[in-house]
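To start, the structure under review is shown below, and the notes come after it.
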Amino acid sequence: MQELIIQDKLNYLLADRQFYEPLSRYPAQQKDLHEPLRRILPSGWTLKQRNLWSDVSPPSLKLPTHGWKIHLSATPAHAPAILMSAARVLFEAGVSFKFVSDRILLSIVNGKRWNRGGAGKFITAYPRDAEECGELLEALHKATIGYWGPYILSDRRYKDSRVVHYRYGGILPIRRADTDGKSVLIIRNDDGEFVDDERTPYFNLPKGVKDPFVGEEPEVDEGDPGLLKAGRYRIESPLAFSNSGGVYLAEDTETSATVLIKEARPYTNVSSRGLDAVQLLKKEHRLLEVVADLGIAPKPYDFFMDWEHAYLVEEYFDGYATLRSYLSKNSLSLRTRPDTEVSRNFYRKYRELFTKLAAIVQSLHDRNIVFSDLSMANVMVKEGEDGGIDVKLIDFEGGYEEGVDVPTHLFTPGFSTDEMEMRGMATRADDCYALGSLMMAGLFPMNAMLALNRAAHETYLQSFQRDFGLPDSIADLIRRLMSVDAGKRPNPADIIAVLSVEFSPAEPRIGTTEVDDIDLAGTTSRILDYVDSVASFDRADRLYPADPAVFETNPLSIAHGACGVAHVMHRIRGQVDGRVIDWIRSRDVVRESYSPGLFMGLSGIAWSLLEMGCTEDARRMLDMTRDHHLLWRSPELFNGMAGWGMAQLRFFASLGDEAFLQSAIQAGDRLLDSRKFEQDEAKGCYWENGIGMSDSLGHGGAGVALYLLYLAQASGERKYLEAGRQALEWVLGNSLVNADGGMSWIARDSNRSYTPYWRWGSSGIGRTLLRYWHATGDERYASALDQVQIDCDRKYTIFPGYFFGISGICEMFLDMARFPRWEAQAQNSVRRLLAGCMLFPFERDGGLAFPGESLNRISCDFGTGGAGIALVMNRYLKRDGASFMLDELLSGWHAEDRCARLDLAVGAN
């Protein structure tokens, strides 16, 4: 199983150390930029921080909805002077503008991880028309000559300025929901149609718009596309892109060798000590030359400038994988049926890998080099045919030679200490801490949790000692390396000595101590107590701490909003705090800002309100989905037609109104009409989805098939059942068998990660297979489910949550436990899963808290946080039905009549 890539949540980590928060709650350093600007702010003008930006507006501000915008870039060092110079020009013209609120934020906007389409923008000015824009471009250019800033990829540079850029786009933000519920910016084109206002990492004019500011051709890189250094290097393929530059696979045309080329854009990724990406890349080139004879890193071949960018040409490590990728494929904890041989093989590789890595760090220290940023991404591993392991280091941009280089302040959270981050530079002892952190990640990648719980690794070490026979000597070594006291950390030679001692691990015996030793009902209550304790009734953007998606979608959804948490409270306690209901009712729901979907949008909000007894509010929400502009855009369960149809069936089953059934049938017919077949129809059918083809419950064929099964029962129409079976035929045809004999699937064809999780993987698909077996008696579904449960019968997963974590997997086994065929195994599997879930929580004032996806902030929502986890624990205790399913429509789905079959004779066609 490989880790599914989770969206980078960087923007939501800056404002708070406990919860994901938007930048609107970030406390900007007022003395940095605000105070100087206030000294020259004209009378009647306002200066106010909004989020990342601070707005500067004249009286009676009027702006066009879209038009030409001016962007000024800056390095943190030049930012105050550029702001003051530009502000005087803009004040005189009476033109409003905004600027990045302080230099810390500007460093992030210029940094490697910022979205390339928005990176580099320090000031945005809003001319009233094209004529004024032209005048301001010239005035701002003259006022900022001599200053420097990064090239803004989405814009065109004005003349030869190194600061002033411009583009055409939306000015007054017009937003509406996209299919996934997230808010997107739109503008109206020349045909009067609304189109996405794309922030591309290249200059892009809308259809029909011409650039009036180009006198002579703007300065650009005039080299041949794909060629560098006058044609010596031919780019074959990009490997990665970041704001500070790309990484490319290339051919050296003089030697015909395959090489790796790293690019650096000037004035981006500026370190706290003022070194930009170009200077960091040059330093990396020099350090690679210093260690070139050691064979521990890529050999440096060339360094050159092409146009304004710097390029480092180095040895390409063919066949190597990052340590993250290598460990995910060789993990002991992610195996579901490990035996003694698997365990011995893992520990042999583990000891060899980290012995060699410690030796590499020792060799760097011997040459007075501190690597600084040792993490999963910059260790490369290759396993030979004989089973031997070779280890290399890449990305020396964070390193420095003592007494020669300016130390950088580059680090990876989870592999560095708070003390180092505050100090602003790494020492040799910090490299040793990172080694210990990597050894911990080699057992299980929980390091991000250290931001919330400094002792989180101790729980996992104890569990590994019990479950996998981790020797005390290695566990103690990791503890000492990860000590907050730098003086207690062993040096690389000590690490090598401990790892050199061979041992013979016993057969793994994965236990359930973590759940056996607790009062599960009391634990569930304490999770909800914590959720109660952090409710913010005075806020409008969210009620409970949640995944960042709550700020990008809406504050009410099942997935991340108040309705998901309220649903859990209602299921567990039988009632919901009146203040929560009042808060939900008081939201101003604008239809265009909400998707119609089930888990992220209006259908799910309506469903949850219906179950809580708020029938009129529920009807009103569901009515808003009719004729919604996104209604038929996606087939899926999570955000699309299938989920909307599920909500219609829920209302039909609860209220008996035939109109809801007819809406559900309409969705079913559209799904039948939009299905696709390969040339051989016997392989089944599938649906195309904008996010990539998937077989999953949340976003693929299994979810659509589940809906069609429920619709067949409700309508009596056999065609929906047959279409659902065709969909499952396709799904089963895409499965694979893993090393443990379990059946698994890739999340989607655009992300080839194999996962057991509810939303994207095998446990969600297993829930659909179980219901089709129950409805049809087809033994193929049961046999497939037998293999699926092997993939899902695990204790260790990367996240604890419902959608993409261990608690959601429990739902499949809780469904299976209803049937004698699987009852005993399913009960055991649920306890194992819940034991794994209890590796994650930590104490907080108010109760028990869980980390969300990314592990470094707390989440309380349904999809990623404590609420969803509590729901599953409660279901296990009470043995009640599943949430947001329609199992009462399936004949015999209860303990007294488990094996009754679905009768579709009435109305069949």
Side-chain angles (χ1 to χ4, degrees), residues 5-12 14 22-23 50-53 65-75 97-101 105-126 149-158 162-180 182-189 194-207 209 211 218 220-221 238-248 263-270 276-277 308-309 548-549 551-553 690-691 750:
I5 297 174
I6 301 298
Q7 181 186 4
D8 194 342
K9 304 179 191 295
L10 170 66
N11 298 7
Y12 299 94
L14 302 173
L23 285 173
R50 174 166 45 90
N51 42 45
L52 169 70
W53 301 97
T65 58
H66 56 273
W68 292 101
K69 298 188 287 188
I70 299 173
H71 292 122
L72 282 72
S73 62
T75 63
F97 63 97
K98 65 182 181 181
F99 62 92
V100 175
S101 295
L105 291 176
L106 179 61
S107 296
I108 295 169
V109 170
N110 288 348
K112 177 183 287 190
R113 292 171 62 185
W114 200 262
N115 180 279
R116 293 192 303 144
K121 298 169 185 176
F122 171 48
I123 299 173
T124 303
Y126 299 107
Y151 185 88
I152 299 174
L153 295 173
S154 64
D155 288 27
R156 177 168 282 167
R157 181 184 277 167
Y158 183 70
R162 293 299 184 265
V163 169
V164 182
H165 305 72
Y166 62 93
R167 71 179 289 265
Y168 190 95
I171 294 178
L172 287 179
I174 305 174
R175 296 178 180 270
R176 66 178 179 184
D178 205 349
T179 309
D180 61 2
K182 292 184 178 180
S183 176
V184 295
L185 288 166
I186 57 174
I187 59 174
R188 194 184 296 273
N189 65 17
F194 284 111
V195 296
D196 289 350
D197 183 15
E198 297 183 81
R199 267 62 169 173
T200 57
Y202 52 86
F203 186 67
N204 180 37
L205 289 175
K207 179 181 176 182
V209 177
D211 185 347
V220 295
D221 179 4
L239 300 180
F241 284 112
S242 72
N243 178 40
S244 59
V247 180
Y248 309 95
E263 177 186 30
R265 297 176 56 229
Y267 312 115
T268 62
N269 203 33
V270 179
D276 74 352
E308 298 174 358
H309 295 188
F551 306 114
E552 299 170 358
T553 54
I691 62 171
S750 58

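Computed from heavy atoms alone, side chains included, the values below leave out hydrogens, waters and symmetry copies.
Going from atom OG of S154 over to atom OH of Y202 covers 11.0 Å, rounded to the nearest 0.5 Å. Distance check, rounded to the nearest 0.5 Å: CG of D211 to OH of Y166 gives 3.5 Å. Distance check: I171 CD1 to T124 OG1 gives 10.5 Å after rounding to the nearest 0.5 Å.
Minimum interatomic distance between L205 and W68 (heavy atoms only, all atoms of both residues): CD2-CH2, 3.6 Å. Scanning all heavy atoms of the two residues, the minimum distance from P150 to T268 falls at CB-CG2, 3.6 Å. What you find for H309 and P266 is that their closest heavy atoms are CD2-CD, 4.0 Å. Here the shortest heavy-atom pairing between E552 and Y12 reads OE2-OH, 2.9 Å. Listed here is the closest heavy atom pair of R162 and S73: O-OG, 3.8 Å. The shortest heavy-atom contact between F122 and W53 is O-CZ3, 3.4 Å.
In terms of the ring pair (Phe, Tyr, Trp, His ring centres under 6.0 Å) criterion, residue partners of F97 (sequence neighbours excluded) are, by chain and number, F91. Residues meeting the side chain to side chain donor-acceptor pair (under 3.5 Å) test with Y248, sequence neighbours left out: E263. Annotation: salt bridge (charged side-chain N to carboxylate O under 4.0 Å, His left out) contacts of K98 (sequence neighbours excluded): none. With sequence neighbours excluded, the residues satisfying ring pair (Phe, Tyr, Trp, His ring centres under 6.0 Å) with H165 are Y151. Listed by chain and residue number, nothing satisfies the side chain to side chain donor-acceptor pair (under 3.5 Å) test with S107 (two or more places apart in sequence, or in another chain). Residues forming a ring pair (Phe, Tyr, Trp, His ring centres under 6.0 Å) with Y158 (at least two apart in sequence, or on another chain): H141.
With contacts defined as side-chain heavy-atom distances shorter than 4.5 Å, the pair P206/H66 does not qualify. Put simply, the side chain of T75 does not reach to within 4.5 Å of the side chain of D276, judged on heavy atoms. In this structure, Y267 and N110 have side chains that are not in contact, with every pair of non-hydrogen atoms separated by 4.5 Å or more.
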* To do: Apply the test side-chain contact (heavy atoms from CB on, under 4.5 Å) to residues L52 and N11: give CA-CA distance (whole Å), side-chain angles for both, the deciding distance (0.1 Å), then the verdict.
  => CA-CA 9 Å; L52 169 70; N11 298 7; over 6 Å; no
* **Audit row: R167, N204, side chain to side chain donor-acceptor pair (under 3.5 Å) steps and yes/no** => CA-CA 8 Å; R167 71 179 289 265; N204 180 37; over 6 Å; no
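Side chain of K69 to backbone of G170: a donor-acceptor contact under 3.5 angstrom is found. When atom types are taken as modelled, the side chain of D155 and the backbone of V164 share no donor-acceptor pair closer than 3.5 angstrom. Remark: side-chain polar atoms of N269 are not paired, donor with acceptor, to backbone N or O of N243 under 3.5 angstrom.
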